[in-house]
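Quick notes on the structure that follows.
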Amino acid sequence: MANTYKKGDHDTRPWGTWEVLDGGNNFCVKKIIVTPGSCLSLQSHNHRSEHWIMVEGEAVVTLGDKEIIKKSGENVFIPVQTKHRIRNDKNANLEFIEVQYGENLDENDIIRYEDIYGRAKA
C-alpha cells in the first residue's frame, strides 16, 4: 500500500477543511483549519503516525487519556494506534500542519470512537 493523497486534494468537513500540500510514498503533509467551537472525532489510525505543528490559534489536544493545550509554534506527535483529537475552543480559526507517516495513507485509516457530528464509529 502507499499514499493515496495527491497534492491539491482537499475536503470540507463539519469541523473545517483540509488540503494536501505535499506527499510521497510514505508521507503526506496537510494544512488543516478547525473553525471556532469545532473538534475532530476521537480517533486512531492503524497504519500511520501523525505530527501536528500549530501555526495559528490555540488547540486542545486529546492524546491517549490526557488533554493538553498547544499554541502557535508548538507541536505534538501522535504514535500509530493512539487515540487522539483536536478541538478549537477559541473564537478564531485554528490552523495546523499535519505530517502523516506510514505505509498506508488514506482516509479509510480512521477509526472513530466519538464524533459530535454523527459520523460512523468503530
Side-chain angles (χ1 to χ4, degrees):
M1 304 230 165
N3 182 358
T4 62
Y5 295 109
K6 293 176 182 54
K7 187 175 181 177
D9 285 352
H10 62 280
D11 198 8
T12 300
R13 298 291 172 98
W15 45 260
T17 61
W18 61 260
E19 177 185 358
V20 175
L21 302 177
D22 201 2
N25 286 337
N26 295 321
F27 78 95
C28 176
V29 180
K30 286 183 177 179
K31 176 175 77 171
I32 299 177
I33 297 173
V34 183
T35 56
S38 297
C39 70
L40 280 67
S41 57
L42 180 64
Q43 60 187 257
S44 67
H45 310 288
N46 286 324
H47 302 286
R48 70 178 186 236
S49 61
E50 296 177 343
H51 186 188
W52 294 346
I53 302 107
M54 306 306 141
V55 294
E56 188 173 315
E58 181 177 294
V60 179
V61 176
T62 301
L63 186 61
D65 59 357
K66 297 178 184 175
E67 273 196 354
I68 51 178
I69 304 294
K70 292 292 180 178
K71 298 180 180 183
S72 183
E74 297 180 332
N75 66 82
V76 63
F77 178 75
I78 300 109
V80 174
Q81 298 181 332
T82 301
K83 287 184 182 179
H84 62 282
R85 109 166 89 208
I86 193 164
R87 187 174 77 232
N88 181 2
D89 290 343
K90 300 298 180 181
N91 292 324
N93 282 346
L94 164 66
E95 184 174 332
F96 67 101
I97 301 300
E98 175 182 271
V99 180
Q100 301 176 0
Y101 183 79
E103 293 181 9
N104 180 16
L105 304 176
D106 68 29
E107 287 298 293
N108 294 319
D109 186 27
I110 298 173
I111 302 161
R112 286 191 180 92
Y113 302 95
E114 294 175 13
D115 184 78
I116 66 171
Y117 308 106
R119 294 175 293 175
K121 297 177 187 169

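Numbers here are sequence positions counted from 1.
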Let me confirm one number: the CZ-CD1 distance from Arg85 to Ile78, rounded to the nearest 0.5 Å. 13.0 Å

Could you go step by step and tell me if Ile97 and Leu21 meet the side-chain contact (heavy atoms from CB on, under 4.5 Å) rule? CA-CA 9 Å; Ile97 301 300; Leu21 302 177; 4.0 Å; yes

Applying salt bridge (charged side-chain N to carboxylate O under 4.0 Å, His left out), can you list everything that pairs with Lys83, at least two apart in sequence or on another chain? none

Could you check whether Glu107 pairs with Arg13 (Lys NZ or Arg NE/NH1/NH2 to Asp/Glu carboxylate O, under 4.0 Å)? yes

Does Ser72 reach the main-chain N or O of Val55 with its side chain, forming a donor-acceptor pair under 3.5 Å? yes

Is it true that Ile69 and Leu42 fall in one hydrophobic cluster, defined by side-chain heavy atoms closer than 4.5 Å? no

Do the side chain of Asp109 and the main chain of His47 share a donor and acceptor less than 3.5 angstrom apart? yes

Nearest-0.5 Å distance, CD1 of residue Ile110 to CG of residue Asp115: 10.0 Å

Hey, what do you get for CD1 (Ile32) to CD (Glu19), rounding to the nearest 0.5 Å? 11.0 Å

Flag side-chain contact, heavy atom, 4.5 Å: Phe77 against Leu63: no

How long is the straight-line distance from CD1 of Ile53 back to NZ of Lys31, given to the nearest 0.5 Å? 14.0 Å

Evaluate the side-chain proximity of Lys30 to Tyr5: yes if any heavy-atom separation is below 4.5 Å, no if none is. yes

If a pair satisfies side-chain hydrogen bond (donor to acceptor under 3.5 Å, both in side chains) and one of its residues is in residues 56-71, list it, with sequence neighbours excluded. Glu67-Arg87

Quick one: CG on Asn88 to OG on Ser38, what's the gap to the nearest 0.5 Å? 7.0 Å

Value for SG (Cys39) from CG (Asp89), rounded to nearest 0.5 Å, stands at 8.5 Å

Val99 with Val61, same ILVMFWY side-chain cluster at under 4.5 Å: no

Taking the side chain as every heavy atom from C-beta outward, state whether Phe27 and Asn3 have any atom pair closer than 4.5 Å. no

Close side-chain approach of Cys28 to Arg48, heavy-atom, < 4.5 Å: no

Are Leu94 and Ile33 grouped together when hydrophobic residues (ILVMFWY) are joined by side-chain heavy atoms under 4.5 angstrom apart? no

Side chains of Asn26 and Glu103: does their closest heavy-atom pair fall under 4.5 Å? yes

Closer than 3.5 angstrom, by distance alone: can the side chain of Thr4 be matched with the main-chain N or O of Leu105 as a donor-acceptor pair? yes

Should the ring pair Phe96 and Trp52 be called parallel, tilted or perpendicular, given that the plane angle runs from 0 to 90° and is split at 30 and 60? tilted

With side-chain hydrogen bond (donor to acceptor under 3.5 Å, both in side chains) as the criterion, how do Glu50 and His84 come out once you've worked through the C-alpha distance, each side chain's angles and the decisive distance to 0.1 Å? CA-CA 10 Å; Glu50 296 177 343; His84 62 282; 3.3 Å; yes

